[in-house]
> 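My structure is below; once you've seen it, I'll send some questions.
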Amino acid sequence: VDESLRSKNPFTLSRVSFLNRAGHQCSIKIPSMPLRPFVAFPRSEFDAILLNNARIKGAKIREGRTVHTVEWMGAWSIQSEEETILADYLVGADGRNSMVSRVLGATHTPGNGRTHERVAVQWNCMYQERLNRSVLMALFEGGYFGIVNLDEHSANIALVTTPRRAANAVRDFARFFDETIASNKT
């Protein structure tokens, strides 16, 4: 995996900043480590590298299938319309509100004691010059977000919040930012 990542010539990052709900920012310089750089690149490329590496190592990959049930029966039993698979390990890479998350009790369902439903969304936007080679993570009432430049042309925004706020952020991120992060001085 390491060589595959390096061959993509990833965007090396130099700083990570955290903005809390009171508006205070903490910024930390990332040490330069040529053998283990702190990098950013598109998630789709990372997913493709991991999937290819799994294939090389002998994993049996099934794509385009809908999982109907997942159960622990001394081994994981994963059932789709096409087949039932027994596996020693289950990798939950199917999203926050996924079948695996539900089976493991990690999502919001009535009666499980969780009080807020949250969703995760991400999208790419234009390069953010003020960030340069930094990552910005921000906390706000009801969630958090992060933004990082992926290269000299694009950036990625990842957001975890309520479904309503996520829809507002995707529709008009500048307004969302002003109403949540910039004005949230608690």
Side-chain angles (χ1 to χ4, degrees), residues 1-2 5-6 8-34 36-50 91-102 104-110 112-186:
V1 172
D2 184 51
L5 295 175
R6 289 179 194 281
K8 296 285 186 184
N9 194 24
F11 197 68
T12 303
L13 302 170
S14 61
R15 181 169 296 280
V16 62
S17 298
F18 300 92
L19 183 64
N20 72 10
R21 289 175 40 193
H24 300 111
Q25 184 169 330
C26 171
S27 188
I28 303 162
K29 183 176 179 356
I30 300 168
S32 177
M33 297 171 48
R36 292 197 288 184
F38 196 84
V39 299
F41 53 90
R43 174 67 187 262
S44 59
E45 289 181 22
F46 184 63
D47 289 347
I49 288 168
L50 291 178
V91 177
D94 53 341
R96 183 182 184 278
N97 294 314
S98 69
M99 168 72 73
V100 173
S101 293
R102 285 192 304 275
L104 298 176
T107 60
H108 170 76
T109 55
N112 76 352
R114 298 182 188 278
T115 56
H116 300 287
E117 180 179 3
R118 297 194 313 171
V119 296
V121 293
Q122 68 174 326
W123 65 98
N124 289 346
C125 62
M126 292 175 37
Y127 177 86
Q128 301 297 302
E129 194 161 328
R130 289 186 347 190
L131 281 178
N132 194 10
R133 292 183 175 269
S134 296
V135 178
L136 174 63
M137 298 293 298
L139 305 174
F140 59 90
E141 184 67 37
Y144 60 91
F145 96 101
I147 183 167
V148 61
N149 286 322
L150 299 173
D151 54 35
E152 283 83 10
H153 308 288
S154 64
N156 179 266
I157 297 172
L159 171 70
V160 175
T161 189
T162 64
R164 182 186 60 78
R165 281 196 173 139
N168 290 343
V170 171
R171 209 172 12 262
D172 185 349
F173 187 75
R175 182 174 173 192
F176 166 83
F177 187 89
D178 288 342
E179 291 175 353
T180 57
I181 294 120
S183 66
N184 191 10
K185 310 288 190 225
T186 57

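Computed from heavy atoms alone, side chains included, the values below leave out hydrogens, waters and symmetry copies.
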> If the condition is salt bridge (Lys or Arg N to Asp or Glu O under 4.0 Å), which residues does Glu152 pass it with, not counting sequence neighbours?
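Salt bridge (Lys or Arg N to Asp or Glu O under 4.0 Å) list for Glu152, sorted by chain: Arg133.
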> Which residues pass the salt bridge (Lys or Arg N to Asp or Glu O under 4.0 Å) test with Arg175, not counting sequence neighbours?
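Testing Arg175 for salt bridge (Lys or Arg N to Asp or Glu O under 4.0 Å), a comparison that skips the adjacent residues, returns Glu179.
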> Of the non-hydrogen atoms in Leu150 and Pro42, which two are nearest, and what is the gap between them?
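The pair with the smallest heavy-atom distance is CD2-N, 4.0 Å.
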> For Phe173, which residues count as a ring-ring contact (aromatic ring centres under 6.0 Å, His included) partner, sequence neighbours excluded?
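Per chain and number, Phe173 pairs via ring-ring contact (aromatic ring centres under 6.0 Å, His included) with Trp123, Phe145, Phe176.
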> Can you name the side-chain contact (heavy atoms from CB on, under 4.5 Å) partners of Tyr127, sequence neighbours left out?
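In terms of side-chain contact (heavy atoms from CB on, under 4.5 Å), with neighbours along the sequence ignored, Tyr127 is linked to Phe11, Glu129, Asn132, Asn149.
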> Using side-chain contact (heavy atoms from CB on, under 4.5 Å) as the criterion, list what pairs up with His153, not counting sequence neighbours.
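Counting only residues at least two positions away or on another chain, His153 forms a side-chain contact (heavy atoms from CB on, under 4.5 Å) with Asp151.
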> Do you know which two heavy atoms are closest between Ala155 and Gln128, and how far apart they sit?
CB-CG, 4.1 Å
> Quick one: pull up CG in Asn124 and CZ in Arg43 and give me the separation to the nearest 0.5 Å.
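If we round to the nearest 0.5 Å, Asn124:CG and Arg43:CZ are 12.5 Å apart.
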> Could you tell me the separation between the CD1 atom of Ile147 and the CD1 atom of Ile157, rounded to the nearest 0.5 Å?
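Rounded to the nearest 0.5 Å, the CD1-CD1 separation comes to 4.0 Å.
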> Could you give all pairs that pass the salt bridge (Lys or Arg N to Asp or Glu O under 4.0 Å) test and reach residues 22-32, with sequence neighbours left out?
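Listed by first then second residue: nothing to list.
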> Suppose we screen for salt bridge (Lys or Arg N to Asp or Glu O under 4.0 Å). Which residues come up paired with Asp172, at least two apart in sequence or across chains?
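Asp172 satisfies salt bridge (Lys or Arg N to Asp or Glu O under 4.0 Å) with no other residue.
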> Looking at CD1 of Ile30 and OG of Ser134, how far apart are the two atoms once the value is rounded to the nearest 0.5 Å?
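Going from the CD1 atom of Ile30 to the OG atom of Ser134 covers 7.5 Å.
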> Would you please name every residue forming a side-chain hydrogen bond (donor to acceptor under 3.5 Å, both in side chains) with Arg171, sequence neighbours left out?
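side-chain hydrogen bond (donor to acceptor under 3.5 Å, both in side chains) list for Arg171, sorted by chain: Asn168.
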> Let me see the working for Leu159 and Phe140 under side chain to side chain contact (heavy atoms under 4.5 Å, CB included), right down to the final yes or no.
CA-CA 11 Å; Leu159 171 70; Phe140 59 90; 3.7 Å; yes
> Of all residues at least two apart in sequence or in a different chain, which pass the side-chain hydrogen bond (donor to acceptor under 3.5 Å, both in side chains) check with Gln122?
Asn156
> Testing the basics here: between Thr161 and Gly142, what is the closest heavy-atom pair and its distance to 0.1 Å?
OG1-O, 3.1 Å
